[in-house]
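Structure first, commentary second.
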Amino acid sequence: MEGADGAPQGRQAGYAGGVKPAPFTYHRPETLAEAAEMAASLENARLLSGGQSLMPMMNLRYVAVDHLIDLNPVAELAGITIDGGRVSIGAMTRQRAVLEDETLARCCPVMREALGFVGHVQTRNRGTVGGSLAHLDPAAELPGLAALLDAGITLRSRDGDRTVAMADFPRGYMTPDIREGEVLTSLAFNAWPDGHGWDFREFARRHGDFAMAGAASLILLDRDGRIARAAVVLIGIDDGPVRLSDVERMLTGETPSDDLFRAAAALAADRPMAADALVTETYRRHLAGVLARRSLAVACARAANGGGHA
Amino acid sequence: MSSTAFVGQRVKRLEDPDLLTGKGRFLDDLKLPGLLEAAFVRSPFAHATFTRIDAEEARALPGVHAVLTAKDLPSEMQGRRILLQVPHPQITYAVTQEPLATSEVCFVGEAVAVVIADGRHIAEDAAERVVVDWEPLPAAAHCEAALKPGAPATHADRADNIAGRLALGFGDVDAVFRNAAHVVEERYEPHRGTGHPMECRGVVAVHDMAGDAFRIWTSTQTPHNTQRAVIDMFGLAEDRVRVITPDVGGGFGPKNQVYPEELVIPAAARLLGRPVKWAEDRREHFLTTTQERDQIWDVAAAIDADGRLLGVKGTLIHDAGAYLPWGIIMPYISATTLPGPYKLPAYRMAVTVAFTNLVPTTPLRGAGRPQAVFAMERLMDAIAKATGLDPAEVRRRNFIQASEMPYDMGLTYRDGAPVMYDTGDYPEAQAQALAKAGYDDFPARQKAALAEGRHIGIGIGNYVEGTGLGPFEGATVRILTNGRVAIYTGAAAAGQAHRTTLAQICADELKVDISDIDVVGGDTGLMPRGAGTYASRITVNAGSSVRTASAELRGKALALAAAKFDVKPEDLELSHRAVRIKGEQGDSITFAELARMTSGMPGYALPKGVKPDLEASGYFTPPQATYSNGSHVAEVEVDPETGRVTILKYTVVHDCGTVINPMLVDGQVQGGVAHGIGNALLERMVFDADANPLTTTFADYLMPTAEIVPACDIVHMESPTPLNPLGAKGAGEGGTIPAPAAIVAAVENALSPFGLRITDCPVTPQRIVELIRAAEEMSEEDTP
Amino acid sequence: MPDAPPKRKITLTVNGREYTAEAEDRYSLADFLRHALGLTGTHLGCEHGVCGACTVLVDGEAVRGCLMLAVQAEGCQVTTVEGLANADGSLSPLQQAFMDHHGLQCGFCTPGILTTLTAYLRDRPNADEAELREALSGNICRCTGYDTIVRAALAAAGAMREGGQP
């Protein structure tokens with residue numbers, strides 16, 4: 001028998017509940033180098049970025065740390081650079097800045113569509129790209145985008161930089177491939193060619209909630225209207241975002257049609273799905289299929305429309 | 001100025017300027033010198049015993065002043081439990097909570113110790129370090145399973161989980177079922193949610209050693225009950241315990257009882273000789289603040305060939321949770337609310353109240369009525385299906401007519417009086433709602449939408465609601481020496497704008513502006529008797545008291561001025577905080593002068609005929625409930641693939657008798673509907689098989705948001721009641737009561753191509769998809 | 001015995017006035033405003049970042065006061081509900097619209113809604129109903145059912161456009 005929060009039987013602490021964090025020491029590095037040094041040297045430390053996920057967990061005392069290293073003062077970590085087709089987004093770039101960046105919206109419109117689902121006005125004002133990637137909630141939009149865009153994630157430590165492909169970044173439930181002493185610094189990817197189609201959608205019961213499932217697609221059509229390149233991702237169904245390479249293979253070379261989308265959706269849904277106390281595996285699988293189908297249909301229609309809004 | 005310059009008008013609220021500028025004073029805003037803060041140590045198990053609590057490490061933490069367990073509480077509290085609010089002969093085990101559990105905990109969150117520290121952060125640090133030697137016991141996690149033989153007992157010393165049984169009814173039920181043309185039979189399961197005022201609960205207590213007196217601020221709907229409980233627990237005289245409500249950030253029912261913290265915090269303040277505050281946090285609110293709505297109805301309706309009701313029979317299981325702070329009132333209300341606006345020749349309902357190891361249940365906005373209306377209105381829709389009649393037509397054929405008022409339903413209500421509907425025009429209410437909702441052309445709209453692949457549906461919910469219950473509420477109205485008018489009332493407001501409403505009623509009597517009136521409510525030191533803000537009763541009770549007290553005060557003011565001017569009172573009129581001789585300029589006396597006159601001068605006799613009481617008090621005691629009613633029509637769109645429900649249009653016809661302030665009633669209705677939408681689609685407290693709560697944050701328990709709740713189209717009908725001088729009925733809960741029934745009916749109607757039936761709520765997207773799949777599988781099986 | 005939790009002095013500007021006070025590192029900005037500075041207009045409704053009651057403006061932008069540490073606001077310009085009224089103390093167009101349209105009942109969530117809308121309408125004075133409802137989706141109100149809040153926001157936006165007032 002287990003108690004609330006998985007508490008085991010027997011002699012143990014009473015349930016304190018509470019929404020005030022346990023004590024910690026706050027640190028305020030000014031530079032990335034300083035932050036990396038702190039991350040390497042302080043015991044039981046966590047990095048604080050936007051705080052929109054970490055702070056609730058600390059308030060609820062699900063997470064207790066001795067040291068909190070605040071990345072907010074590290075100016076070099078914020079900003080979006082677009083150089084040719086290469087997009088790089090600093091870890092401390094606010095979600096709102098990503099949502100509102102016009103250049104990014106032109107070269108990578110799926111970003112804006114996805115960011116519209118992230119939380120609320122207030123949380124996007126603080127929440128950051130790097131924070132969302134490092135937190136790695138299974139239903140989070142930014143890891144899903146990173147998977148969709150074959151992004152690389154760069155980490156800085158005392159020893160220098162390391163870049164991890166998003167495909168290799170999740171190591172388990174909310175466990176990213178970030179080593180002791182590393183600071184996530186940026187997300188970078190190559191934008192898809194002009195004229196590609198895109199779609200991002202998710203199903204949550206209320207706007208801004210973490211999705212029960214979500215689907216994202218990028219589609220490039222060839223001159224004959226066949227699918228030349230496809231990227232499809234599901235979120236909220238497993239430990240991390242799931243890139244559907246089997247579905248992408250099925251789509252490539254085909255002419256978009258309702259039948260194709262249905263077949264692709266069936267394949268998309270044919271994989272293990274997470275279940276929890278409130279959402280069954282069956283329903284999540286069903287949702288994943290519906291969302292994948294609808295996502296592909298819209299992305300293909302947009303691609304057929306030359307990348308404009310269908 | 002007409003006789004109703006204020007009553008009936010959309011008067012802006014007196015409460016607003018402070019609340020809009022951050023000058024509200026809520027419980028956690030109170031600052032007192034030397035104030036300490038509390039955090040409770042609570043059970044992580046739904047059911048467990050314990051013998052030892054080790055608080056040594058917690059006590060040693062810097063900033064911790066005390067860790068109190070049950071045995072550390074004052075001797076008066078030893079062996080005591082909280083006062084049962086509403087005793088009832090049918091209660092089989094009248095058990096309420098201990099202030100702190102002594103050896104057994106019966107739900108997750110039940111408190112076993114309290115830490116008093118310099119601040120809340122440190123108190124929580126210490127609470128984490130209190131170690132308890134729990135011995136977990138099997139738990140009753142569901143009210144139906146709890147009644148099965150061999151089920152774990154909620155309370156270890158009890159043989160079963162029966163908290164009470166009730167049998168209600170009238171007429172020859174067996175005969176009407178024998179002779180029925182159709183019988184429809186279904187099981188309905190509305191689920192548990194809670195109130196979630198945006199301000200959680202909280203208590204501040206100050207103890208004065210001189211005279212052993214308490215001052216207690218608490219975020220409650222019922223300060224006088226808190227006072228009574230403290231008096232009872234500590235054996236003090238009434239004047240030793242003053243309970244004050246600061247601004248209260250919403251109530252909705254769960255703040256309408258006395259909680260353990262309201263006794264433990266005063267005890268701690270007395271033991272430590274320091275003011276102590278406990279401000280409940282949202283997590284504690286999820287675990288410990290009362291909830292409601294889990295019921296299981298197995299009901300059958302007998303109908304004649306024309307779709308007229310002959311009788312209803314069935315059983316009702318009500319989930320009490322672990323304790324009975326409110327006795328068995330809610331299932332009683334449920335069973336007596338079921339007939340609603342319909343003529344029912346025969347009725348029999350057997351009610352079983354079951355203990356479970358869940359948070360106790362008490363009245364929550366609607367108080368047992370949303371479930372009853374859900375059952376009855378779902379039955380009406382089932383009858384429509386069985387007879388092939390339109391759901392609106394089935395209801396039309398069964399309505400009690402306005403000409404039949406007052407109408408004796410044949411039941412005894414919870415107040416002991418017969419269920420006697422006083423006034424109301426139920427057929428007209430539905431007719432207006434249908435007209436406003438565009439019900440007649442809905443089939444055409446539905447067909448057109450379906451042709452586009454959109455599933456839209458419409459549903460009806462009718463209800464009758466007993467409101468304005470006794471025992472009483474009082475008011476004192478006084479003219480002050482500064483010329484202003486003060487109203488003191490027992491009732492504490494939690495957003496309903498009592499100040500504005502009561503000032504409106506008084507202003508019309510005394511011919512002053514509402515800005516000339518100060519209303520103070522919810523302070524036992526200023527108004528020694530009071531019942532509380534629940535059961536949609538304040539306008540009826542306190543409002544009627546203000547009306548009669550104001551009229552009496554007006555008479556006193558006129559008599560005083562008449563004596564001074566040596567004229568007849570009829571020759572005088574009230575105007576602009578003064579009494580003046582009609583038709584003349586100049587000869588008048590201001591309220592301030594009158595008040596000073598009645599105050600006298602030290603050592604001098606009062607002038608002849610003058611008494612020192614420019615005030616009047618009244619207590620209104622209603623003879624019985626007054627019955628509000630209404631009809632709701634919901635129109636929804638359902639995405640059958642995802643199960644998403646969108647409310648497209650929501651129509652309300654609402655009759656609460658005489659409306660004092662239409663703006664406020666609209667606000668109550670719109671807000672009530674939002675709560676009902678939560679009950680219909682979103683809000684459910686989920687527990688696992690061991691009775692552990694799984695939805696304990698606002699991320700898991702979903703409150704309706706601005707994108708979910710549409711603007712309601714609200715129509716007021718006014719059927720004044722003869723039962724009080726205002727003609728008013730209660731308005732606070734009617735928005736919530738029929739909403740789940742109407743919305744679920746609309747969802748089902750939208751999905752009529754699939755031929756499914758929805759009998760529980762909230763109906764979630766997942767549930768909708770499951771029901772569609774089940775219906776499809778069924779029809780596949782049926783196809784040869 | 002464990003050490004006392006770390007504390008430091010924090011200086012920031014709230015509603016145009018500079019304050020310095022001491023607080024533990026773990027204090028949220030909302031707790032700091034309420035308990036260290038006595039500005040109790042900012043309310044705490046859930047302290048896990050969902051209800052929005054604690055919303056304040058930090059350097060002009062709406063943030064959840066329960067998810068930001070007080071130490072992080074060092075040197076910042078903070079606006080709370082106490083700072084929304086006009087300079088002469090009269091209600092701002094938004095506050096006035098809430099009064100006119102019955103945009104509040106118990107008033108507990110109201111400070112967070114007012115601050116959220118103050119920033120939102122400044123940036124999007126032409127916001128329509130759907131946009132306003134989305135902007136409000138991070139603020140829970142149990143009393144009103146939101147409609148009067150939306151009406152008030154639309155009215156305030158209109159008044160501000162006409163009056164040219166931010």
Side-chain angles (χ1 to χ4, degrees), chain B residues 12-13 15-26 28-29 31 60-63 119 121-122 125 195-200 247-252 281-283 494-497 663-664 666-675 677 697-699 703-707 709-712 735, chain C residues 1-5 24 26-27 31 34-35 38-51 53 80-85 89 91 95-96 98-100 102 104-111 114 130 132-151:
Chain B
K12 287 175 198 170
R13 302 190 341 151
E15 288 83 351
D16 287 355
D18 282 353
L19 294 173
L20 286 165
T21 53
K23 296 192 193 93
R25 276 297 167 269
F26 295 88
D28 192 38
D29 303 342
K31 292 275 176 285
L61 214 59
H121 291 74
I122 291 165
D125 296 345
H196 280 306
M198 293 320 296
E199 182 204 25
C200 295
D247 286 326
V248 176
F252 311 110
D281 66 42
R282 186 61 58 182
R283 214 167 165 201
Q496 300 92 339
M663 180 184 86
L664 299 179
D666 283 351
Q668 288 294 316
V669 171
Q670 172 77 32
V673 169
H675 200 147
I677 289 170
T697 70
F698 275 153
M703 301 274 281
T705 53
E707 291 193 305
V709 183
C712 295
Chain C
M1 185 169 295
D3 296 338
E24 289 182 31
R26 60 172 158 170
Y27 255 51
D31 269 335
R34 291 178 50 74
H35 300 304
L39 294 166
T40 53
T42 300
H43 297 154
L44 287 164
C46 73
E47 295 174 83
H48 51 264
V50 184
C51 81
T80 68
V81 68
E82 288 97 338
L84 297 182
L91 297 179
Q95 290 168 317
Q96 186 61 48
F98 266 63
M99 181 152 175
D100 295 344
H102 192 22
L104 67 158
Q105 289 183 25
C106 81
F108 195 82
C109 72
T110 310
L114 291 172
L132 282 167
R133 284 183 181 270
E134 188 193 324
L136 285 166
S137 66
N139 293 80
I140 299 175
C141 169
R142 188 51 139 182
C143 295
T144 63
Y146 303 102
D147 189 55
T148 53
I149 294 173
V150 175
R151 299 301 129 214

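A quick note: this is a predicted structure, and the numbers were derived from the prediction, not measured. Labels below follow one simple rule: chain letters A, B, ... track the order of the sequence lines, proteins then strands, and each chain is numbered from 1.
- Heavy-atom pairs under 4.5 Å with chain B peak, among C:Q96, C:E134, C:E47, C:E24, at C:E134.
- For the set B:A711, B:A699, B:P710, the entry with the most heavy-atom pairs within less than 4.5 Å of chain C is B:A711.
- Most heavy-atom pairs under 4.5 Å with chain C, from the set B:D125, B:L20, B:V709, B:L664: that is B:L20.
- B:D666 and B:Q670 are not linked by any side-chain donor-acceptor pair at a separation below 3.5 angstrom, with hydrogens and angles left out of the test.
- Options B:K12, B:H196, B:H121 differ in how many heavy-atom pairs under 4.5 Å they form with chain C, and the most are formed by B:H121.
- The shortest distance between side-chain heavy atoms of C:N139 and C:Y146 does not fall below 4.5 Å.
- Across B:R13, B:M703, B:M663, B:Q496, the residue that shares the most heavy-atom pairs under 4.5 angstrom with chain C is B:R13.
- For a residue to count as touching a neighbouring chain, one of its non-hydrogen atoms must lie under 4.5 Å from one of that chain's; by this rule B:D247 does not touch chain C.
- Taking C:L136, C:D100, C:T110, C:T80 one by one and counting their heavy-atom pairs under 4.5 Å with chain B, the maximum is reached by C:D100.
- Contacts with chain C were tallied for B:C200, B:P704, B:A497, B:P197; B:P704 has the most, counting heavy-atom pairs under 4.5 Å.
- Looking at C:L84, there are no atoms closer than 4.5 Å to chain B (heavy atoms on both sides), in backbone or side chain.
- The structure places CE of C:M99 at 9.5 Å from CD of B:E15, a figure rounded to the nearest 0.5 Å.
- Both the backbone and the side chain of C:L104 come within contact range of chain B, each with at least one heavy atom under 4.5 Å from a heavy atom of that chain.
- Heavy atoms closer than 4.5 Å to chain B are found in the side chain of C:R151, but not in its backbone.
- For the options B:G495, B:G251, B:C712, heavy-atom pairs under 4.5 Å to chain C are most numerous at B:G495.
- Looking at C:T144, only its backbone comes within 4.5 Å of chain B, counting heavy atoms on both sides.
- Ring pair B:F26/C:H43 is perpendicular by interplanar angle, where above 60° counts as perpendicular and below 30° as parallel.
- Interface check for chain B: of the options C:E82, C:Q95, C:H102, C:H35, the most heavy-atom pairs under 4.5 Å are formed by C:H102.
- Using a 4.5 Å heavy-atom threshold, the side chains of C:F98 and C:I149 count as touching.
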